[in-house]
Amino acid sequence: MKVSIIGQGYVGLTISAFAAKHYEVVGFDLNSTIVSQLNKGVSHIEGVASGDLKQAIFAGNYKATTDGSEIAGSEIVVIAVPTPLDTNRKPDLTYIDSACRVIAENLSVPALIINESTSFPGTIRNYIKPAIEKYSKQKLDHMYAISPERVDPGREDFNQKNTPRLYAGLTPEATAKTRDFYSTFCDNLIEVSSPEVAEAAKLFENTFRQVNIALVNELAQISHALGIDVRETLDAAGTKPYGFMKFAPSAGVGGHCIPVDPSYLADVAEKAGVEATFIKRANEVNLDMPKYIAGRIAKDNGGSVKGKKVLVVGVAYKPNVADTRETPAELLIDALKDLGAVVAWNDPVVGSWNGSESSPLSGADIAVVVTKHDVVASEDVLKSALYVFDTTGKVKGAVQL
Ligand SMILES: NC(=O)c1ccc[n+]([C@@H]2O[C@H](COP(=O)([O-])OP(=O)(O)OC[C@H]3O[C@@H](n4cnc5c(N)ncnc54)[C@H](O)[C@@H]3O)[C@@H](O)[C@H]2O)c1
């Protein structure tokens, strides 16, 4: 069976690698650099081994392409393209729209179209299906389903195989075919009664994290004002064996999901006449953390960081990955610059970012740790500046958030 995956990023390539063990997979992406690397068997995603990719290519089970016509004849097409926010922090479905166009223009026999991109309830029914029908030259009875992706890049204990997967089709046939597809490489499939439930569940999972991270970030500010150690407080609360789940304070939230997905839920909520107050407040708290941190650092340094050399350590949004999407390090750099600091950054995992290169981990007046990769030694961070502020709780001996 031929399966095409639209988008070969974190989600699309991960699913392609698993699917290629069972199906003939075409990985379609608009980025020609990524496509040519993939066809050489070079993976750009943590969690997808280049060796596995090479094996799939060698077996004739995987091919990346920028040519939409290569998806023709697919029985299943999976959409895994970005669903970011626009400049007004509203859902931006332009990538989904362009994926729909490619599908519509190149499929000439009915297929099962599954959306794995995160979006608001109603996306498959009211957006993707009508868009594909609008762009198709002929009337085809495609089946449509949703199976939101839950992959956590870089994580080793949970992967495509053992992470429970939600799914639902627009019709019973679509639901059954979706189950058949994923059951070849997922152990735990959970059918829900409608695509909207699966879409809403995915958004709520990440909203739950966003709101709790904001809550704990507010607690960090309260604790500091009261002279209490926030991490010890959280450890103490975490000894309760039920009814409590521990979240850690941080410089904010990053990545493609936590800072973005809740706003998809807020947008549909508002359109339905319900104000998503928790989501709004959580966004505010998390987005303000870099300013709060810059203010704390200035206060500890005689009230000003003007002209001081500040090194931001770790610009990836989480440890041990090179992903800088929506990283709070960016807002922190802006906040420090606004206070007059001369800011550089160090991150050996990221290497180059925003047109600049990682600076040496030394010679700063002030260092502030946003993300602590395993390859970065705490002793080296402590030696890198006269004053070190740690937002991660991992650099013992530094001033803690
Ligand atoms: N990264 C995660 O951890 C994660 C987890 C769960 C869900 N998601 C969701 O999955 C979706 C994809 O996220 P990602 O992290 O894989 O994004 P990504 O940026 O890593 O990859 C997306 C890829 O799609 C390509 N692309 C964009 N438009 C295209 C088009 N029209 N046709 C073909 N290719 C196109 C891009 O070139 C890129 O390579 C998003 O909705 C995201 O919210 C991501």
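Counting starts at 1 for both ligands and their atoms, in listed order.
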Do any nitrogen or oxygen atoms of ligand 1 lie under 3.5 Å from a protein nitrogen or oxygen, and which ones?
{"from": "ligand 1", "atom 1": "3 (O)", "to": "Val151", "atom 2": "O", "distance (Å)": "3.4"}
{"from": "ligand 1", "atom 1": "15 (O)", "to": "Arg325", "atom 2": "NH1", "distance (Å)": "3.3"}
{"from": "ligand 1", "atom 1": "15 (O)", "to": "Arg325", "atom 2": "NH2", "distance (Å)": "3.3"}
{"from": "ligand 1", "atom 1": "16 (O)", "to": "Tyr10", "atom 2": "N", "distance (Å)": "3.2"}
{"from": "ligand 1", "atom 1": "16 (O)", "to": "Val11", "atom 2": "N", "distance (Å)": "2.8"}
{"from": "ligand 1", "atom 1": "17 (O)", "to": "Arg325", "atom 2": "NH1", "distance (Å)": "3.4"}
{"from": "ligand 1", "atom 1": "19 (O)", "to": "Arg325", "atom 2": "NH1", "distance (Å)": "3.2"}
{"from": "ligand 1", "atom 1": "20 (O)", "to": "Tyr10", "atom 2": "N", "distance (Å)": "3.0"}
{"from": "ligand 1", "atom 1": "31 (N)", "to": "Ser98", "atom 2": "OG", "distance (Å)": "2.4"}
{"from": "ligand 1", "atom 1": "37 (O)", "to": "Asp29", "atom 2": "OD1", "distance (Å)": "2.6"}
{"from": "ligand 1", "atom 1": "39 (O)", "to": "Asp29", "atom 2": "OD1", "distance (Å)": "3.4"}
{"from": "ligand 1", "atom 1": "39 (O)", "to": "Asp29", "atom 2": "OD2", "distance (Å)": "2.7"}
{"from": "ligand 1", "atom 1": "41 (O)", "to": "Val81", "atom 2": "O", "distance (Å)": "3.4"}
{"from": "ligand 1", "atom 1": "41 (O)", "to": "Thr83", "atom 2": "OG1", "distance (Å)": "2.5"}
{"from": "ligand 1", "atom 1": "41 (O)", "to": "Thr118", "atom 2": "N", "distance (Å)": "2.9"}
{"from": "ligand 1", "atom 1": "43 (O)", "to": "Thr118", "atom 2": "OG1", "distance (Å)": "3.4"}

> What's the spacing between Thr163 OG1 and Asp187 CG if we round to 0.5 Å?
Replying inline: 9.5 Å

> Relative to the ring of His22, is the ring of Phe185 parallel (under 30°), tilted (30 to 60°) or perpendicular (over 60°)?
Replying inline: parallel

> Got a sec, which residues hit salt bridge (Lys or Arg N to Asp or Glu O under 4.0 Å) with Asp390, two or more places apart in sequence or on another chain?
Replying inline: none

> What about Tyr127 and Phe120, are their ring centers closer than 6.0 Å?
Replying inline: no

>> Can you give me the closest heavy-atom contact between Glu275 and Lys280, atom names plus distance?
In response: OE2-NZ, 3.1 Å

>> Could you report the tightest heavy-atom contact between Gly314 and Val370, atom names first, then the distance?
In response: O-CB, 3.2 Å

